[in-house]
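Below: the structure, in structure tokens.
This is a predicted model, so every value here is computed, not measured. Each chain gets a letter, A, B and so on, in the order its sequence line appears, and its residues count up from 1. When reading the values below, keep in mind they use all heavy atoms of this one structure, side chains included, and skip hydrogens, waters and symmetry mates.
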Number of protein chains: 2
Amino acid sequence: MDARSLKQFVNLSDCLHFGRASEASHVSPSALSRSIKRLEDELGVDLFERNNRSVSLTHAGRLFLNYARDTLGDWDAIRNKLMEESGELRGEVSMYCSVTASYSFLFEILTRFRRDHPHIEIKLHTGDPEDAIPRVLSGEEDISIGAKPQNLMAGLAFKLIAVSPLVFIEARRKKGQIHSGNAQPEAEEWAGKPMILSERGLARRRVDQWFRALGVQANIYAQVAGNEAIVSMVSLGLGVGVVPQIVLDNSPLADTVRVLDIKPALEAYEVGLFTLEKKLASPLINALWSQLK
Amino acid sequence: MDARSLKQFVNLSDCLHFGRASEASHVSPSALSRSIKRLEDELGVDLFERNNRSVSLTHAGRLFLNYARDTLGDWDAIRNKLMEESGELRGEVSMYCSVTASYSFLFEILTRFRRDHPHIEIKLHTGDPEDAIPRVLSGEEDISIGAKPQNLMAGLAFKLIAVSPLVFIEARRKKGQIHSGNAQPEAEEWAGKPMILSERGLARRRVDQWFRALGVQANIYAQVAGNEAIVSMVSLGLGVGVVPQIVLDNSPLADTVRVLDIKPALEAYEVGLFTLEKKLASPLINALWSQLK
DNA sequence: TTTAATTATTGCATAAAACGCATCATTATA
DNA sequence: TATAATGATGCGTTTTATGCAATAATTAAA
């Protein structure tokens, strides 16, 4: 019995799926499978009824779940109590953000945090920015960086880091190259312009809304995963793209594209931190949270 | 945090001595030292104030001790609850006895126990029979096999396995060899007989009492550690020895010595199991305990 | 009924952790 | 000052845990 195994057990109890629970626990499915098996061997009872298609708690598993929750709570409690004693925070916080966000915001956030709390370990995971909120909601990560959605779901806390306009970009004309068409196209012209957009995500939804509001049918040339790829395609002259300004600020291709001053502007990206409100009770997470602004 | 480390921590808190606590935990002092260090690192506080000569709990250590005791209790509780569920006992029991006792009694006890409870692991440790009671009292072992002392200390439970007379032995005369002296010597003769005795232990105390009661001064030829060694020396004709009958029953030298019928006889050895009374509440220990007789 | 897809488990090689032994450093005792 | 006691530490070995790839079992689709 150790806190790690218990957490893994609770994670599996919550989602009843080895694959997902193993992600939530940041281990491979095989490691989780063995962990659970170890627990079952140690206790001498099966905790889960499982075949290759379904997982469910046994009666013993339900009893043990109560125990595990309590024990993890106690463990947190004593650790917090002793941290107060020592006046120094210590432990680990898991964090999730896109690679872009890690370039833009993370360094600044973490350098100060590391100085103030050298014994809080940050476990950073990067990936699709769209997963920022789901990962926090599922408990897979303590904190994530992402764009604030239209409406925040209950229990989710958000803290603004920066506002970055969502801008239209096109390839910067090479010297001597003739500009074909208007620099500030009218709505009607959009129907003709090939657009390069995120295949999904907040930026995409904003753009879709924008076109809908204008009553214009977009001519979508490419749907791309990742803002960097949009910049890249736009710089090749394949069409007009939409990315947050912050992406341009950190892009090596920034000077190969130019920002179009289009009205009405897209609603700006509000980039910030997400966490579960209840997690703000944790001194560790609170330390990171309240450091900002 | 795992049950093992917590138990080690509690053991050290109890005796405040790495060497002894490591024995109680059945690990080397270095392993214990590292274990405690691991805990301290994990928690970020010192649990013990220690220099090379003294160990004491810090304030944080006292807080953590409460936590550790509770957590170990909860762990025991859930394990017991789940064991009830499964109807099958599982876990481990530590046991201590002399090598002699392991030959004489252990096989019989354990074969049946293993059949009835195949998932209870017995951790057997052997050594000086005199340590049987101290080891149980200190909590170092759950159960031990040994001889019942004059008076049992409070809290200690005893269960008789066998009664074995404490007998005087001398070398069996070889065929044709002339017997020098009386087969049943009178008290006065003892003063002349060279005695081979345990250097300590219950048998030795009984023999000392016996001589004192007779008002005779023993002529001690050799003080030996271990009953087997006594049999061996006696069989070589070096003197008269005193051993429990059970030792002869299991000795390869048994037919090289003979038992003297001496009055008054020494009080018999009552060999049995020891455990702390409070430990009988544990289903595992109770299973072993109540299996007998 | 057959095929494909999903998913928990397991064999195997590797990596990490724990352990014991011997040694060291420190401190009390004689 | 010398000696004994005792907790920490370097180092080589053993044990344990992990991830990857392959497997087996089950459901859904064709």
I'd like a list of close polar pairs between nucleotides 13-18 of chain C and the protein, N/O only, cut-off under 3.5 Å.
{"residue": "C/dA18", "atom": "OP2", "partner": "B/Arg38", "partner atom": "NH1", "Å": "3.4"}

Heavy-atom contact window of chain B on DNA chain D, given 5' to 3' at under 4.0 Å: D/dA5 to D/dC11

Straight-line distance of A/Leu288 CG to A/Leu273 CG, nearest 0.5 Å: 6.0 Å

Within residues 78-102 of chain A or reaching into it, pairs that qualify as ring pair (Phe, Tyr, Trp, His ring centres under 6.0 Å) - sequence neighbours excluded: none

With B/Phe18 via ring pair (Phe, Tyr, Trp, His ring centres under 6.0 Å) - residues at least two apart: none

Nucleic acid contacts - residues 14-24 of chain A versus DNA chain D, non-hydrogen atoms under 4.0 Å: none

Rounded distance (Å) that lies between atom C1' of C/dC21 and atom CG of B/Leu32: 16 Å

Spacing of A/Glu40 atom CD relative to C/dT9 atom C1', expressed in whole Å: 12 Å

side-chain hydrogen bond (donor to acceptor under 3.5 Å, both in side chains) pairs, two or more places apart, involving residues 129-143 of chain B: B/Ser94-B/Glu141, B/His125-B/Glu141, B/Arg135-B/Glu140, B/Arg135-B/Glu141, B/Asp142-B/Lys279

5′-ward residue of the pair B/Ser33/A/Gln8 relative to DNA chain D: B/Ser33

Donor + acceptor pair across side chains of B/Gln150, B/Arg205 (<3.5 Å): no

Pairs involving residues 21-34 of chain A, ordered by first then second residue, that meet salt bridge (charged side-chain N to carboxylate O under 4.0 Å, His left out) (sequence neighbours left out): none

Letter per nucleotide, 5' to 3', of nucleotides 22-27 of chain C [B base touched, S only sugar-phosphate touched, - untouched; heavy atoms, 4.0 Å]: ---BBB

Side chains of B/Arg200 and B/Gln223, donor plus acceptor under 3.5 Å: no

Minimum-distance nucleotide to B/Arg34 side chain [options: C/dT9, C/dC21, C/dT10]: C/dC21

Salt bridge (charged side-chain N to carboxylate O under 4.0 Å, His left out) pairs, two or more places apart, involving residues 5-17 of chain A: A/Asp14-A/Arg69

Inter- and intrachain pairs under salt bridge (charged side-chain N to carboxylate O under 4.0 Å, His left out), touching residues 109-118 of chain B, at least two apart: none

A/Asp46 CG to C/dT9 P, straight-line distance once rounded to whole Å: 10 Å

Partner set under side-chain contact (heavy atoms from CB on, under 4.5 Å) for A/Ser86, not counting sequence neighbours: A/Glu88, B/Val45

Inter- and intrachain pairs under side-chain hydrogen bond (donor to acceptor under 3.5 Å, both in side chains), touching residues 57-66 of chain B, at least two apart: none

Exercise: do A/Ser5 and A/Asp2 side chains pair donor with acceptor under 3.5 Å: yes

Any donor-acceptor pair under 3.5 Å from A/Ser25 side chain to A/Ala21 backbone: yes

